[in-house]
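Here the structure comes first, spelled out in structure tokens, and everything after it is commentary.
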Amino acid sequence: MPAHSDPIADPADDTGLPVLHRLWVLMPLLAPFGISIGFIGVTLGFQLQAAGMAIGLVTAIVAAAIGTQSLKFLWAPLVDTLLTPRLWYAIGLVLVITTMIITCILPRTNAMVPFYMLLAVASAVGSSLTSMAAEVIMTRCVHPSRRGTASGWSQAGNVGGTSIGGGLGLAVAQHVASPVMPALVLGVICLGCMACLWLVPRIVRGNERLAYAARLTEVGRDVITVVRTRTGMLALVLMLLPIASGEAPFQLIGAQWQVGGDMIALFSGTLGGLTSVVGALIGGYLTDRLGPRTTYIGAGLASGLVATAMALAPHTPIAFLVGVLSYSVLIGGGYAAYSAVVLEAIGRRSAATNFNLMSAMSNVPLAAMTAFDGWMVDAHGTSAMLFGELWLQALAAAGFGLFVLATRPRAVPRTAPA
């Protein structure tokens with residue numbers, strides 16, 4: 001009997017690869033990546049800070065997780081050559097759920113900080129495997145004309161998952177006596193997201209072999225080829241700048257706006273998730289029309305203006321609500337544009353490795369901004385940190401603008417006809 005055709009994929013596009021039409025499935029597939037980050041940054045971070053740990057120490061744990069994402073290109077060749085995207089996704093998800101459960105059991109003391117850092121790193125490795133699997137699908141099965149929309153859906157899953165991992169996880173931790181229950185609830189959600197793998201085209205491996213060192217060398221050549229183009233060079237520079245990072249530790253400073261744990265869970269959870277998803281979808285729409293770099297920089301500068309307004313406005317719960325949700329919309333849009341910047345710069349070859357080598361660059365300023373914001377709060381106060389959200393991004397945007405002008409192709413003068 002004949003096999004059933006994939007209901008959401010054409011047999012192939014002009015490259016011979018299957019086409020993903022229902023781009024919305026990218027949102028749940030990327031959600032576990034965000035859930036891992038949200039759990040560490042919001043749920044765990046709030047609990048550690050409430051237990052008396054310094055904000056700078058808490059953000060150092062979060063920075064360890066984010067910094068690990070900067071090294072994920074080292075294991076990306078494994079995803080490109082061994083097993084299948086579905087199997088890698090499952091392996092990563094098991095690692096994410098396991099580390100969340102262990103983290104819930106550990107005592108909330110300074111003596112356990114090294115163990116928290118180790119678990120944060122392990123969770124980051126697991127979440128990177130889930131995102132790589134989804135990115136292989138996105139880079140190989142999405143038509144170039146729909147990359148902006150695909151980026152919007154994928155980053156909607158990223159930022160929405162971050163809000164679920166932080167907001168929902170914290171809400172469960174605040175109201176359920178069992179310390180492991182937040183991890184179990186989030187784990188069930190992650191398993192539901194994995195079910196969406198059966199709604200995407202199946203990617204069949206060719207006759208690729210690992211040859212790890214050779215693959216890294218090959219990818220290095222690919223990256224050099226990409227960077228030699230002006231589009232690739234601009235993308236690489238932009239990834240290294242502290243723009244649209246979205247690392248302001250609102251979950252740790254809410255008490256200054258008379259906001260407690262339940263309100264933090266609400267702002268970082270349901271409301272924060274919805275606004276982040278809306279922002280990512282709007283960002284994807286604008287990226288297809290304004291271009292990824294313009295949308296990315298614009299979202300970052302606007303988020304800095306929101307942070308500055310929060311520093312100047314009265315510190316009330318309403319001001320906190322409006323500020324945090326506005327910030328979430330803009331960062332969601334910035335993340336969608338970021339994915340489009342990377343997709344514009346790379347090709348379809350070695351999808352997981354090239355995508356993650358480029359995106360790993362962007363995690364360097366993310367980790368730096370996380371640690372910087374925590375240090376600013378401890379050393380100079382919350383207002384100084386919020387002001388820094390604007391002036392750092394403004395300086396970076398100005399520097400990038402000068403770089404764009406300096407590398408602009410020179411017009412060839414026309415010669416007058418004889």
Side-chain angles (χ1 to χ4, degrees), residues 17-18 20 23 25-37 65-99 121-142 147 150-151 153-159 161-162 190 193-194 196-206 208 210 212 215-216 218-220 222-223 226 239 335 338-343 345-364 366:
L17 295 170
L20 175 64
L23 301 182
V25 300
L26 295 171
M27 182 170 70
L29 289 180
L30 265 294
F33 179 81
I35 287 174
S36 169
I37 296 173
I66 297 175
T68 301
Q69 302 294 344
S70 301
L71 302 174
K72 57 187 178 181
F73 67 90
L74 293 176
W75 52 89
L78 302 177
V79 180
D80 266 328
T81 54
L82 300 178
L83 307 180
T84 66
R86 292 181 180 180
L87 285 175
W88 282 118
Y89 195 96
I91 292 170
L93 206 60
V94 169
L95 191 54
V96 168
I97 296 173
T98 302
T99 53
V121 169
S123 181
V125 172
S127 66
S128 72
L129 294 177
T130 65
S131 68
M132 286 178 192
E135 287 154 4
V136 169
I137 295 169
M138 184 164 62
T139 53
R140 293 192 180 186
C141 302
V142 174
R147 283 175 177 168
S151 297
W153 282 113
S154 67
Q155 291 305 322
N158 181 7
V159 295
T162 302
C190 288
C193 293
M194 186 175 69
C196 292
L197 283 173
W198 277 262
L199 298 176
V200 302
R202 181 183 294 274
I203 296 177
V204 180
R205 297 291 189 199
E208 298 174 286
L210 177 57
Y212 183 79
R215 176 54 64 106
L216 280 183
E218 178 184 351
V219 169
D222 290 345
V223 172
V226 169
M239 292 300 96
Y335 274 32
Y338 141 78
S339 285
V341 169
V342 176
L343 288 174
I346 67 173
R348 292 186 174 188
R349 189 180 181 186
S350 298
T353 306
N354 282 336
F355 192 104
N356 283 281
L357 186 56
M358 292 292 290
S359 65
M361 302 298 180
S362 70
N363 286 302
V364 174
L366 288 184

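- What you find for C196 and P28 is that their closest heavy atoms are SG-CG, 3.5 Å.
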Side-chain donor-acceptor pairs of residues 89-98 under 3.5 Å, sequence neighbours excluded:
from	atom 1	to	atom 2	distance (Å)
Y89	OH	L29	O	2.8
T98	OG1	V94	O	2.7

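- Partners of T130 under the side-chain hydrogen bond (donor to acceptor under 3.5 Å, both in side chains) rule, at least two apart in sequence or in another chain, do not exist in this structure.
- To the nearest 0.5 Å, atoms CG (L129) and CG (L87) are separated by 12.0 Å.
- Taken to the nearest 0.5 Å, the CH2 atom of W88 stands 13.0 Å off from the OG atom of S131.
- Taking CD of Q69 as the reference point, atom OG of S127 lies at 4.5 Å (rounded to 0.5 Å).
- Here I37 contributes atom CD1 and N158 contributes atom CG; the two are 5.5 Å apart, rounded to the nearest 0.5 Å.
- With sequence neighbours left out, S123 forms a side-chain hydrogen bond (donor to acceptor under 3.5 Å, both in side chains) with S36.
- Across all their heavy atoms, I35 and C190 have their closest contact at CD1-SG, 3.9 Å.
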